[in-house]
Amino acid sequence: MRIGYPCINRGLACRCTHGFRLASYSPHRLEEAVRANLDGLQGILEFNAARGILFFRISSDIVPFASHPVMSVRWQERFRGRFARIGRYIRDHAIRVNMHPDQFTLINSPDEAIFARSREELLYHARVLDLLGLDLTNKIQIHVGGVYGDKDSAIARFVARYRSLPERIRRRLVVENDHVSYSLEDCLRVHQACGIPVVLDVLHQRVLRGPFGVKKALARAAATWKGVDGIPFVDYSLQAENGLRGAHAESIRVPEFRRFLSLTRPIDFDVMLEIKDKESSAAKAVAAAGEDKRFFRPAIN
DNA sequence: TCTGGTCAAGGTGGT
DNA sequence: ACCACCTTGACCAGA
C-alpha cells in the first residue's frame with residue numbers, strides 16, 4: 001500500500017501546473033512552462049519521498065496544450081533527457097504515479113470529432129508516462145463519459161472505442177466510477193466487455209450506492225486488475241462534515257481513515273487522497289497507515 | 001502591486 | 001433556450 005495525493009503541493013513553492021492562456025501561446029512561453037513544471041515535479045517528488053508519500057498524480061498541465069492544434073514545439077524530443085532523469089528518480093524511489101485527463105476527454109461521445117480529440121489527449125498522457133520510462137502499473141484514469149440518453153448504447157460505444165485505441169494507450173487506461181452517471185456496477189459491466197481495470201472512487205461509490213459494502217466494492221474492483229497492472233488503487237475523498245452536498249472536506253479525518261483501512265483488510269491497494277489540503281492529509285494518512293502490515297516501505301539505501 | 005473575472009475542450013440537470 | 005456546476009487554481013487585464 002502506497003499513499004499519495006494529486007497534482008498540487010500546497011506548502012512547497014514548486015509546482016508542476018504552470019500554464020498560460022491559449023491567447024498567450026508562443027513556443028518560448030511553452031518551453032518555459034514545461035521547464036518549470038519538470039523542475040517543480042522533481043521538487044515535489046523529493047518532498048514526498050522524504051515523507052514516505054510514494055504515490056502521486058502528475059498534472060495534465062505538465063505540457064500545456066500538448067494535444068491542441070496550436071502546439072508547435074517538439075516537446076518530446078526537446079525534453080526527453082529531463083523526462084528520463086525524473087523517471088529514473090521515480091523508479092529508484094519506488095514511487096508510483098498516475099494521470100487523470102479531465103472531463104473533456106470522452107471516448108464514448110457520439111461525436112467523432114470529440115472522440116478524435118480525446119484520443120489525442122490520451123496519447124499525450126501515454127507519451128508522458130512512456131518518456132518517464134515507467135512500467136504499466138503507472139496508469140491513466142478516465143471516466144466512462146456521458147450517457148447521451150441511452151446508457152446501454154453509451155457503454156457499447158465506450159467498449160468499441162476502447163478496443164480501437166492504440167495499444168500504447170490501452171495498456172495504461174483504467175476506468176473510474178463517477179457520482180452522477182456510471183456507478184461501480186456500470187464500470188464492472190464495461191470491464192466484463194473489454195477487460196479494462198476499474199478504479200474505485202470510494203466517495204462516489206457511497207453517493208450512488210449508499211454507505212455499505214466498501215470492502216465488497218473494493219474486492220470487485222480489485223478483481224479487474226491483472227498482474228501487469230500492479231495492485232489496484234482507489235480514489236479516497238470525503239464529504240465536508242457540515243458543507244453543502246458534494247463539497248469536499250478540507251482535511252482528512254484520521255479515525256474515519258483508520259476505519260477504512262481496517263474495513264478493507266487484507267486487500268492490498270494504493271490510495272490517492274482527493275482532499276483539499278493535499279500533502280498535509282497525505283502525511284497524516286501515512287502516519288495512520290504506518291501501523292498497517294500492508295503499508296509499503298522501500299528498502300533504505 | 002493588487003483584485004476579480006475568466007480560462008481549450010463537454011455533459012448534466014435545473015430553470 | 002440558457003446557465004451553473006463539475007474541482008480549483010492561477011493567469012492576466014485593468015485599476
Side-chain angles (χ1 to χ4, degrees), chain A residues 5-26 28-30 32-34 36-37 40-41 44 57-73 75 98-125 140-151 153-155 157-158 161 175-183 186 199 201-204 207-208 235-240 243-252 272-281:
Chain A
Y5 60 94
C7 303
I8 292 164
N9 183 304
R10 301 236 288 192
L12 281 181
C14 312
R15 286 195 292 123
C16 59
T17 55
H18 293 272
F20 49 85
R21 300 282 165 87
L22 179 58
S24 356
Y25 176 89
S26 75
H28 176 72
R29 193 74 195 265
L30 188 276
E32 287 303 297
V34 176
N37 286 340
L41 176 59
I44 292 171
R57 181 179 300 158
I58 297 175
S59 169
S60 297
D61 293 338
I62 189 124
V63 182
F65 303 111
S67 73
H68 191 281
V70 77
M71 174 58 67
S72 61
V73 175
W75 58 270
N98 71 19
M99 298 186 80
H100 192 344
D102 70 27
Q103 72 267 31
F104 305 110
T105 302
L106 291 157
I107 72 171
N108 77 341
S109 171
D111 183 332
E112 288 292 338
I114 291 171
F115 171 57
R117 283 195 289 276
S118 299
R119 188 179 45 213
E120 285 308 303
E121 181 71 358
L122 290 171
L123 196 51
Y124 149 60
H125 284 79
I140 301 166
Q141 68 189 100
I142 58 168
H143 295 288
V144 179
V147 174
Y148 312 101
D150 178 358
K151 190 179 272 189
S153 66
I155 287 179
R157 200 163 46 244
F158 180 98
R161 293 271 184 65
V175 71
E176 178 193 4
N177 60 305
D178 64 73
H179 63 297
V180 179
S181 305
Y182 291 94
S183 65
D186 293 327
V199 171
D201 184 303
V202 175
L203 179 61
H204 291 168
V207 168
L208 277 188
D235 282 355
Y236 180 96
S237 59
L238 59 172
Q239 189 86 35
L244 301 167
R245 72 182 218 303
H248 279 199
E250 175 63 28
S251 189
I252 194 169
M272 183 61 69
L273 295 172
E274 297 192 321
I275 297 172
K276 282 190 189 174
D277 68 0
K278 307 281 183 184
E279 75 282 1
S280 160
S281 281

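Labels below follow one simple rule: chain letters A, B, ... track the order of the sequence lines, proteins then strands, and each chain is numbered from 1.
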Considering only atom [atom1], compute the distance from [N] to [M] and round it to an integer number of Å.
N	M	atom1	value
dA4(C)	dG5(B)	P	13 Å
dA9(B)	dC12(C)	P	16 Å
dT3(B)	dT7(C)	C1'	22 Å
dG14(C)	dA8(B)	C1'	24 Å

Residue mapping more 5' on DNA chain C - nearest nucleotide basis, Leu22(A) or His204(A): His204(A)

Quiz item: cation-pi between Arg29(A) and Tyr25(A), 6.0 Å / 45°: no

Is Phe104(A) stacked against the base of dG10(B), taking the criterion as centroid distance under 5.5 angstrom and interplanar angle under 30°? no

Pick base, sugar-phosphate or nothing for [X], based on heavy-atom distances below 4.0 Å to the nucleic acid.
X	answer
Thr105(A)	nothing
Gly19(A)	sugar-phosphate
Val147(A)	sugar-phosphate

Test side chain to side chain contact (heavy atoms under 4.5 Å, CB included), reference Glu121(A), set Asp102(A), Thr105(A), Leu106(A), output is Thr105(A)

Check the phosphate of dG10(B) against Arg117(A), side-chain N and O only, distance under 4.0 Å to OP1 or OP2. Yes or no? yes

Between Trp75(A) and Phe65(A), does the ring centroid distance fall short of 6.0 Å? no

